[in-house]
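Throughout, residue positions are numbered sequentially from 1 according to the sequence presented.
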Amino acid sequence: MLKKTSLAGIGLLSVVTISAFAAAQQEAPAKNPFAGDAKSVSEGSDIFKKNCESCHGAGGKGDICPPLTTKNKKYGNTDGDLFLTISKGRPGGMPSWNATLSAERIWKVITYIRSIEK
């Protein structure tokens, strides 16, 4: 025998789930665990070359997309801001890399980006 499910309960669960997802989208992650690590800079450089260089140019100097060598970024300057930009993407051209790059690889790209800033 099938149990009746309350549509109000399903609706409330949907609202709670969507709200939690939206909140998670807005939260900046914790500090970069690889900050200042030379090996991570090298690994981040390799990841950058394979995934980011075609738009952001060699050495992050800019091409189709903004340069990453400056300290002031369009969508924020903290490591958390950069993480959200890379992982979730931004309107106007920056795709989400969440499905392609793990959080560890994104942090290593950020470590590399920090190494090329002037």
- [ ] Please check if any side-chain donor atom of Thr111 sits under 3.5 Å from a side-chain acceptor atom of Asp37, or the reverse.
- [x] no
To the nearest 0.5 Å, atom OG1 of Thr70 lies from atom CD of Glu117 at 7.0 Å
To the nearest 0.5 Å, atom OG1 of Thr69 lies from atom NZ of Lys71 at 10.5 Å
dist Met94:CE -> Lys74:NZ (nearest 0.5 Å) comes out at 12.0 Å
Note: Thr85 and Tyr75 closest approach over all heavy atoms is OG1-CB, 3.6 Å
The reported gap from NZ in Lys50 to CG in Leu101 (rounded to nearest 0.5 angstrom) is 11.0 Å
Heavy atoms of Leu82 and Gly76 approach each other most closely as CD2-O, 4.4 Å
Are Leu84 and Ile86 in one and the same hydrophobic cluster, where Ile, Leu, Val, Met, Phe, Trp and Tyr link if side-chain heavy atoms are under 4.5 Å apart?
-> no
When rounded to the nearest 0.5 Å, the distance separating NZ of Lys108 from OG of Ser45 is 13.0 Å
Contacts of Arg105 meeting side-chain hydrogen bond (donor to acceptor under 3.5 Å, both in side chains) (sequence neighbours excluded), chain-then-number -> none
What's the verdict on side-chain contact (heavy atoms from CB on, under 4.5 Å) for Phe34 and Lys39, showing C-alpha distance, side-chain angles and the deciding distance? CA-CA 9 Å; Phe34 302 102; Lys39 182 178 179 191; over 6 Å; no
For Val41 and Ser115 the tightest heavy-atom approach is CG1-OG, 3.5 Å
Here the gap from Ser40 atom OG to Ile110 atom CD1, rounded to the nearest 0.5 Å, amounts to 11.5 Å
For Phe48, the ring pair (Phe, Tyr, Trp, His ring centres under 6.0 Å) test, sequence neighbours excluded, returns Tyr112
Are Ile47 and Ile106 co-members of a hydrophobic cluster defined by side-chain heavy atoms under 4.5 Å apart?
-> yes
May I have the step-by-step check of side-chain contact (heavy atoms from CB on, under 4.5 Å) for Arg114 and Asn32, ending in yes or no? CA-CA 11 Å; Arg114 295 301 190 200; Asn32 183 350; 5.7 Å; no
Check your understanding: Backbone N or O of Ser87 within a donor-acceptor pair of the Ser96 side chain at under 3.5 Å?
Key -> yes
Are the side chain of His56 and the backbone N or O of Lys61 linked by a donor-acceptor pair below 3.5 Å?
no
Practice item. Please examine the side chains of Lys73 and Ile113, heavy atoms only from C-beta on, and report whether any two atoms are closer than 4.5 Å. Key: yes
When every non-hydrogen atom of Gly60 is compared with those of Ile116, the smallest separation belongs to CA-CD1, 4.0 Å
Those residues at least two apart in sequence (or on a different chain) that pass side-chain hydrogen bond (donor to acceptor under 3.5 Å, both in side chains) with Asn98 are none
**Report entry** Under 3.5 Å: donor-acceptor pair, side chain of Asp79, backbone of Lys31
**Finding:** no
